[in-house]
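Reviewing the structure listed below.
A note on names: the letters A, B, ... follow the listed sequences, proteins ahead of strands, and every chain is numbered from 1. Everything numeric here is computed off the predicted structure, so don't read it as measured data.
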There are 2 protein chains.
Amino acid sequence: MGGLPHMKDPLVNLCGYVLRRASLCALAELNEGLAPLKLRHADVAMLMLVQSSPRITQSEAGRILDIKRANMVPFVARLEERGVIERQQLDGRSQALGLTRRGRMLLERALRVVDAHEALLLGRVPEKLRPVVLPVLLALWRRRP
Amino acid sequence: MGGLPHMKDPLVNLCGYVLRRASLCALAELNEGLAPLKLRHADVAMLMLVQSSPRITQSEAGRILDIKRANMVPFVARLEERGVIERQQLDGRSQALGLTRRGRMLLERALRVVDAHEALLLGRVPEKLRPVVLPVLLALWRRRP
DNA sequence: TATTGTTATACTCTATAACTATA
DNA sequence: TATAGTTATAGAGTATAACAATA
């Protein structure tokens, strides 16, 4: 991963560009930290979502995490095969997702990695600016207009 | 693209997560704006880099933009076939990249899209926070430790 | 009629290894 | 010996269209 802006990079004045580079860099670091748990960032997001919204459906989870229904199928299947998520028939078509005991234990470990990574990220920002990091990022996460 | 944080999203307190969602959202918007020019964000980054560092080599450009040498080959080839970039033998193995007249004209149009997108992004941030957006993002774009 | 889960498939981006020809 | 460009290939991640069963 490109872990530093390069001196000759003429794009470092563009928020969109730096936003992307920072995101890729942070993501790669997080995934490195999660590798020993054989998890990827998206897995942890899913586990966190299911924990906070027990009995959520697959489609609804996909809507929140912005993962297409069709792509949720192999994604959830992998977590289920691994025994961290379980499915329960809700009605004829929907299935409620829940964490297994094993899933809860794994998530607990993953959360320690995530928290450490968050601290790392924040630690790179000058102390004065730390309180505005999340507000700035949330403001950028918008669409139209 | 997920153009808004969802109410039930328990991850909106994580900088890393919001950083990624904001980045994907901004990128999708930029690419929409560039679509009429048949350009992708990476194409514009490349054109901007070549403009600011004329006679840069393919490898060096890849290093700055964090694109692997192997992936630069079809990438640059496409821009060359399109007549926006030209190659010039430097020595036996290196080739200098440069913008063609057509490339400069196309970049000019692309820059208007990029500038508008930048304004859009900044416009979403409360006025008070705008001056710190770039400093915050640059601070996050770091690695080790 | 709209929605859930599903299959199949394609496309983009990224990653690795190996080769060549130069420096 | 290290580097530039190249080829081939594999793997993520993401996108669309279509279908069955259900609400």
Side-chain angles (χ1 to χ4, degrees), chain A residues 1-3 17 20-21 23-32 34-35 38-46 50 53 55-81 85-98, chain B residues 1-3 17 20-21 23-32 34-35 38-46 50 53 55-81 85-98:
Chain A
M1 259 313 102
Y17 179 75
R20 173 172 158 79
R21 295 298 299 261
S23 160
L24 289 175
C25 176
L27 199 64
E29 277 181 309
L30 176 59
N31 282 329
E32 274 177 40
L34 291 172
K38 296 204 201 310
L39 287 171
R40 302 265 310 157
H41 63 99
D43 301 320
V44 181
M46 185 65 177
V50 172
S53 299
R55 307 181 63 76
I56 192 174
T57 68
Q58 194 169 302
S59 289
E60 175 69 358
R63 243 171 267 127
I64 293 173
L65 298 178
D66 197 33
I67 301 174
K68 296 256 179 303
R69 260 192 353 273
N71 297 326
M72 287 293 286
V73 178
F75 180 46
V76 171
R78 203 159 30 83
L79 293 170
E80 195 184 18
E81 282 162 33
I85 267 189
E86 59 191 355
R87 299 202 260 188
Q88 196 182 25
Q89 210 67 23
L90 260 187
D91 55 38
R93 57 183 180 183
S94 299
Q95 309 175 5
L97 300 180
Chain B
M1 260 311 104
Y17 178 76
R20 173 173 158 78
R21 296 297 301 261
S23 160
L24 289 175
C25 176
L27 199 63
E29 277 182 310
L30 176 59
N31 282 330
E32 274 177 39
L34 291 171
K38 297 205 200 311
L39 287 171
R40 303 265 311 158
H41 63 99
D43 300 321
V44 181
M46 185 65 177
V50 172
S53 299
R55 306 182 63 77
I56 193 173
T57 67
Q58 192 169 302
S59 290
E60 175 70 357
R63 242 171 268 127
I64 293 173
L65 297 178
D66 196 34
I67 301 174
K68 297 254 179 303
R69 262 192 350 276
N71 296 327
M72 287 294 285
V73 178
F75 179 47
V76 171
R78 205 158 29 86
L79 293 170
E80 195 184 19
E81 282 162 31
I85 267 190
E86 59 192 355
R87 299 202 258 190
Q88 196 181 27
Q89 210 67 22
L90 261 187
D91 54 38
R93 56 181 182 185
S94 298
Q95 310 175 4
L97 300 179

[X] to [Y] - nearest heavy-atom pair and separation:
| X | Y | result |
| --- | --- | --- |
| A:L97 | A:I85 | CD2-CG2, 4.4 Å |
| A:R40 | A:L34 | C-CD1, 3.9 Å |
| A:G3 | A:C25 | CA-SG, 4.2 Å |

For A:R21, all residues meeting side-chain hydrogen bond (donor to acceptor under 3.5 Å, both in side chains), sequence neighbours excluded: A:Y17

Distance in Å, A:Q95 CD paired with A:Q58 CD, rounded so as to fall on 0.5 Å steps: 6.5 Å

Note, A:D43 side chain near A:K38 side chain (heavy atom, < 4.5 Å):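 No, every pair of side-chain atoms sits at 4.5 Å or beyond.
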
Cut-off 3.5 Å, no hydrogens considered: what does the side-chain donor-acceptor table look like for residues 66-73 of chain A, sequence neighbours left out?
residue: A:D66; atom: OD2; partner: B:G2; partner atom: N; Å: 3.0

First of A:R87 and A:R20 reached from the 5' end of DNA chain C, by closest nucleotide: A:R87

A:T57 or B:G92, whichever maps to the more 5' nucleotide of DNA chain C: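 The answer here is A:T57.
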
Nucleotide C:dA15, atom C1' - distance to CG of A:L24 in whole Å: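 Taking atom C1' of C:dA15 as the reference, CG of A:L24 is at 14 Å.
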
A:L27 CG - C:dT14 P separation (whole Å):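 To the nearest whole Å, that distance equals 12 Å.
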
Any N/O donor-acceptor pair, A:R93 side-chain to C:dT4 base, under 3.5 Å: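 Counting by modelled atom types and ignoring angles, no donor-acceptor contact under 3.5 Å is found here.
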
Neighbours of DNA chain D within residues 59-75 of chain B, by heavy-atom distance under 4.0 Å: B:S59, B:R63, B:R69, B:A70, B:V73

Sugar-phosphate, base or nothing in reach of B:R78, heavy atoms under 4.0 Å: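 Counting heavy atoms under 4.0 Å across all strands, no contact is made by B:R78.
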
Any residue meeting side-chain contact (heavy atoms from CB on, under 4.5 Å) with B:E60, in chain and number order, not counting sequence neighbours: A:H6, A:K8, B:I56, B:T57, B:R63, B:I64

N/O donor-acceptor pair under 3.5 Å between B:N31 side chain and B:A28 backbone: no

Any A:Q58 side-chain N or O less than 4.0 Å from OP1/OP2 of C:dT6: yes

Terminal axis angle for the helix from C:dT1-D:dA23 to C:dA23-D:dT1, five pairs an end, nearest 10 degrees: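 One end axis against the other gives 10°.
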
For chain B, the stretch of DNA chain D it reaches, first to last nucleotide, under 4.0 Å of its heavy atoms: D:dA2 to D:dA15

Test log, rule side chain to side chain contact (heavy atoms under 4.5 Å, CB included), inputs A:R87 and A:V76: CA-CA 9 Å; A:R87 299 202 260 188; A:V76 171; 4.2 Å; yes

